[in-house]
Structures are given as C-alpha cells and as structure tokens.
Amino acid sequence: MKRPSSRELYKKLKQARASAAEKQIALIAPDVILSDLLELDFLIEDLAERLPEILSEILPGDYQGQRPQAKSY
C-alpha cells in the first residue's frame, strides 16, 4: 500500500485548515520558516491571517515526501 494515502493526506490538510482558521499555530522550525518568509517578502505577523488561504490551495496530490514516510525518532 502506498503511504501516506490520499485519504491520510486529506485528513491532515483538513486538520491543518481547521487549526489555522482558529489561529492555533505552532511553528516547528521557526528559524527555517522565518527565512523562507523573508525570502518571499512576507511578514511573519501576516502568517496567522494568511495561513488559512494558503492551506486552501494545497491538495493531497501536492505531497512531495517519501513513500513510505521516513520514521521519526
């Protein structure tokens, strides 16, 4: 079976969209995200407001990770 499946990815995106809509955001690697935001000329203060819009454009087919996913330790 090909993992993560489209169903698994859809569920994770749905959870991310719901959390972003409620502004419940946690940055796992803030230094990396800040660097990317600066490169895109995007203010970190705008992230909480714009994240729901950004997540609405992402589809399960956009997943570029390994199949199967690498285990996290």
Side-chain angles (χ1 to χ4, degrees):
M1 179 176 170
K2 196 172 172 183
R3 292 214 52 239
S5 68
S6 290
R7 184 177 180 174
E8 289 173 301
L9 294 170
Y10 177 77
K11 183 179 177 184
K12 289 182 184 290
L13 284 169
K14 185 177 178 182
Q15 291 171 336
R17 289 176 184 135
S19 294
E22 295 174 11
K23 295 191 176 14
Q24 295 179 343
I25 301 166
L27 302 179
I28 303 300
D31 52 333
V32 174
I33 293 172
L34 180 59
S35 172
D36 290 343
L37 290 175
L38 290 173
E39 194 173 302
L40 295 169
D41 197 29
F42 195 91
L43 298 175
I44 196 156
E45 292 84 15
D46 297 336
L47 185 60
E49 189 173 315
R50 302 272 314 269
L51 194 55
E53 175 189 344
I54 293 166
L55 288 171
S56 72
E57 296 179 14
I58 300 173
L59 302 172
D62 295 327
Y63 178 73
Q64 295 294 314
Q66 298 176 356
R67 292 188 189 267
Q69 307 138 257
K71 292 187 178 192
S72 68
Y73 295 97

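Below, all heavy atoms of this structure are taken into account, side chains as well, without hydrogens, waters or symmetry copies. All values reported here derive from a predicted model rather than from experimental measurement. Throughout, residue positions are numbered sequentially from 1 according to the sequence presented.
For A26, there are no side chain to side chain contact (heavy atoms under 4.5 Å, CB included) partners, not counting sequence neighbours.
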Donor-acceptor pairs under 3.5 angstrom involving side-chain atoms of residues 34-60: please list them, not counting sequence neighbours.
unit_1: R50; atom_1: NE; unit_2: E53; atom_2: OE1; d: 3.4
unit_1: S56; atom_1: OG; unit_2: E53; atom_2: O; d: 2.6

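Checked options Q15, R7, K14; the residue passing with K11 is Q15 (criterion: side-chain contact (heavy atoms from CB on, under 4.5 Å)).
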